[in-house]
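Heavy-atom basis, side chains included; hydrogens, waters and symmetry copies ignored. Note that the coordinates shown come from a computational prediction; the quantities given were computed from them, not determined experimentally.
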Amino acid sequence: MSEKWDLRFLALATQIASWSKDPSTQVGCVVVGEDREIRSTGFNGFPRGIEDRADRLADRALKYPLICHAEENAIMHAARVGVSLKGCVAFVTWPPCSRCARSMIQAGVREVVYPAGCEIPERWEEDFSISVEMLKEAGLTIRAA
């Protein structure tokens, strides 16, 4: 895809991230097929039917077991409606964590694009490093745009 389309899809992922009710981190994901068609989207949030109360969102120890990451939500939504993500490109507002990298590898995503210059919180740096190595080893392309 061209740089113009990369930036468009990253801008859309940023817009979708704003739908998250998480007060500390908002992440968005847009998964795109080979003809630039949007196959699925996701943002970080609780699963369907789980109430996203402020007390749950404010307590990391309670929030982390409940929350679905943006990439997971995009993958699970695609599975729910019967859309294949094999050979697609995932545009995400942050590099994926190892949990999401595993899911994207298994879903058949071929490339992951994230914004150049995004600041990674120190608590996630080691996990993102593991994620990048996993994606590369599995043959996915990961790049900043």
Positive for side-chain contact (heavy atoms from CB on, under 4.5 Å) with I67, one of D52, I50, N44, T25: N44
Is there a side-chain contact between [X] and [Y], using heavy atoms and a 4.5 Å cut-off?
X	Y	answer
V31	T41	no
M134	M104	no
P121	W94	yes
V32	W5	no
C97	F128	yes
C100	S131	no
R36	F9	yes
I120	C118	yes

With no hydrogens and no angle check, is any side-chain donor or acceptor of [X] less than 3.5 Å from a backbone partner on [Y]?
X	Y	value
S20	V27	no
D127	S98	yes
E72	H69	yes
R56	E51	yes

For the CD atom on E125, are there more than 12 heavy atoms of other groups (residues, nucleotides or ligands in this structure) within a distance under 6.0 Å? yes
What is the minimum heavy-atom distance between [X] and [Y], and which atoms define it?
X	Y	answer
C29	A13	N-CB, 4.2 Å
L57	D22	CD2-CA, 4.0 Å
A107	I75	CB-CG2, 4.1 Å
N73	G42	CB-CA, 4.1 Å
F43	I16	CB-O, 3.5 Å
A17	G28	CB-N, 3.3 Å

Enter the distance from [X]:[atom1] to [Y]:[atom2] here, rounded to the nearest 0.5 Å.
X	Y	atom1	atom2	value
L62	D55	CG	CG	7.0 Å
H77	S40	NE2	OG	4.5 Å
E34	C88	CD	SG	8.5 Å
L140	R110	CG	CZ	9.5 Å
R102	I130	CZ	CD1	10.0 Å
D6	Y114	CG	OH	12.5 Å

Check the hydrophobic clustering (I, L, V, M, F, W, Y; side-chain heavy atoms under 4.5 Å; chains of links allowed) and say if [X] and [Y] are grouped together.
X	Y	answer
L12	L7	no
L10	V30	yes
V92	V109	yes

Using side-chain contact (heavy atoms from CB on, under 4.5 Å) as the criterion, list what pairs up with E37, not counting sequence neighbours. D35, R39
Check the pair K63 / S24 against side chain to side chain donor-acceptor pair (under 3.5 Å), numbers first and verdict last. CA-CA 11 Å; K63 175 176 68 173; S24 65; 3.0 Å; yes
N/O donor to acceptor pairs below 3.5 angstrom from side-chain atoms of residues 79-87, sequence neighbours left out:
residue, atom, partner, partner atom, Å
S84, OG, K86, N, 3.1

